Colleague: 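I have a structure I would like to understand better, so I am pasting it below and will then ask my questions one at a time.
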Protein chains: 2
Amino acid sequence: MAAKKHSEASGTGLSKQRVVAEAMRLADREGVDGLSMRRLAGALGAGAMSLYHYVASKEELLDAMIDVVFGEIELAPVDTDWQSAMRQRAVSTRQVLARHPWAIGLLESRTSPGPANLRHHEAVTACLRRAGFPVLMATHANWLLDSYVYGFALQEASLPFDTAEEFADMGEEVYLPQLPPDEFPYLNESAAALVAAGYDPAEEFTFGLDLILAALEPLRVSA
Amino acid sequence: MAAKKHSEASGTGLSKQRVVAEAMRLADREGVDGLSMRRLAGALGAGAMSLYHYVASKEELLDAMIDVVFGEIELAPVDTDWQSAMRQRAVSTRQVLARHPWAIGLLESRTSPGPANLRHHEAVTACLRRAGFPVLMATHANWLLDSYVYGFALQEASLPFDTAEEFADMGEEVYLPQLPPDEFPYLNESAAALVAAGYDPAEEFTFGLDLILAALEPLRVSA
DNA sequence: CCGTACACCGTACGACGTACGCTGTACGTA
DNA sequence: TACGTACAGCGTACGTCGTACGGTGTACGG
């Protein structure tokens, strides 16, 4: 038949980067379950099997996608106090994970960290050590902060709404009716208070984050 | 042909409970990817389509599995101080999620909480409110604690080892060689310290948990 | 002008979720 | 006793998935 010099639809020629980038776009738009090699190839104007010249398997593709996600996280800046630095990178992490919700579910199954992941960890550890945390304490702080950020992103991803207004709408129409007040009195109280006060995930996030940062502060050893 | 009175292999007759329980066993043993309707049916001595008399779809099956997981978590006891109660249920949650690692990855995609999940949330909120946390503060505490627990479980699930000894073995043989000391000086320092000190996920967990609980203490309003 | 390498593709296989329609049995009613 | 209905479970089939394998045309070094 006729293979052209290079594929023509949407760009000239494939590459691992282009494949991974398009895969992320697809996953962002349709979720991980909507990402198949065939659909991905289609979006790139290529045949399914062509992708295997750039990734060894779908697993490897997913690993690569995860590492790009880590690459999107802003590294901790070095010219401020440790709390600001950690807050900044935590906020950035949350934003990135909210932008790519599929990434969180993938973290569980992928066991070996990619280069961007390692760089990120190195930068955070460096910041904590330089701030005066002893080695093991820096590890503790790392686990604590990461747990909070990932866990928050996980919970946020499973919320059926994105904004405060959406929540107000849904809360009254969908949630409350499902909660018999006699069986769930406290949940009803909370839900009502939240609808009244308005709800912003970003504020919720910084509350816990600042609390953790403050609690870590006295565990440093130098000034 | 011949349909027997009831299916005969491994028990007499199916039921949603039996289907869900066997699905969890299968997922525990082989991971979520190893759980297919056909394999599950096989394990139950039934045909694939028979399962659809008890669950409307695989999605519903997964939802049911998640809710059973929440049901396995010990509710917060009511006869102790709030910190002990919260610590206990957090520890139980971690144990349960470590026993069913697939559950964590599933949380991301399932948006409406099952009854066991609701009961769990109600119990936790009740405990916090009774301990003197104002309504919105109880919500904050809830998010904070859950984020930590889920995030920790998520990180733990993606570790390639389960015990401290395994870590010591792997750390020296697999991890360190991958980390060029000039590029990742701090990670090397941490890894070395961890191998030397020994590493126990359970201890790591309680460190962060106790830190969070202590930091929440002054936010109560009554004694 | 030829040979080799490369980029890409078509086909095929086994496994997946599940729609649809069929069985044989149990049991209430006459 | 005979029959009707309901139900538990199954067989087959369709479209999709990941991917092994073996092409095929073009580019380029000799």
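Since this is a predicted model, take the numbers as computed values, not measurements. Chain A is the first sequence line, chain B the second, and so forth, proteins listed ahead of strands; every chain is numbered from 1.
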Colleague: Could you tell me how far apart A/Lys58 (NZ) and D/dT16 (C1') are, to the nearest whole angstrom?
Modeller: 11 Å
Colleague: Whole-Å distance between D/dC17 P and A/Leu61 CG?
Modeller: 14 Å
Colleague: List the residues meeting side-chain hydrogen bond (donor to acceptor under 3.5 Å, both in side chains) with A/Gln88, not counting sequence neighbours, and say none if there are none.
Modeller: none
Colleague: In terms of side-chain heavy atoms of A/Ala46, which of C/dT18, C/dC9, D/dT19 is nearest?
Modeller: C/dC9
Colleague: Find the distance between OG (B/Ser147) and OH (A/Tyr150) and round it off to the nearest 0.5 Å.
Modeller: 13.5 Å
Colleague: How close or far is atom P of C/dA7 from atom CZ of A/Arg18, stated in whole angstroms?
Modeller: 15 Å
Colleague: Hey, could you give me each pair passing side chain to side chain donor-acceptor pair (under 3.5 Å) that has a residue in residues 19-28 of chain B? Not counting sequence neighbours.
Modeller: B/Glu22-B/Arg25, B/Asp28-B/His100, B/Asp28-B/Trp102
Colleague: Sub-3.5 Å donor-acceptor pair from the side chain of A/Ser50 to the main-chain atoms of A/Ala46, do we have one?
Modeller: no
Colleague: Rounded to whole Å, please give me the gap between CG in B/Leu44 and P in D/dC10.
Modeller: 10 Å
Colleague: Between A/Tyr52 (OH) and D/dC17 (P), how many Å, whole number?
Modeller: 11 Å
Colleague: Considering only heavy atoms, which members of residues 28-36 of chain B lie under 4.0 Å from some atom of DNA chain C?
Modeller: B/Leu35, B/Ser36
Colleague: Does A/His53 or A/Met49 map to a spot on DNA chain D nearer the 5' end, using the closest nucleotide for each?
Modeller: A/Met49
Colleague: Could you tell me how far apart A/Leu51 (CG) and C/dC6 (P) are, to the nearest whole angstrom?
Modeller: 19 Å
Colleague: Calculate, to the nearest 0.5 Å, the distance between atoms CZ and CD1 belonging to A/Arg110 and A/Ile66 respectively.
Modeller: 7.0 Å
Colleague: Tell me which nucleotide among C/dT18, C/dC9, C/dC16 gets nearest to the side chain of B/Arg39.
Modeller: C/dC16
Colleague: For the side chain of B/Thr125 and the backbone of A/Leu187, is there at least one donor-acceptor N/O pair under 3.5 Å apart?
Modeller: no
Colleague: Identify, between A/Arg38 and A/Gly47, the residue whose nearest nucleotide on DNA chain C lies closer to the 5' end.
Modeller: A/Gly47
Colleague: Ring centres of B/Phe152 and A/Tyr148 under 6.0 Å apart?
Modeller: no
Colleague: Could you tell me how far apart A/Glu60 (CD) and D/dT19 (P) are, to the nearest whole angstrom?
Modeller: 11 Å
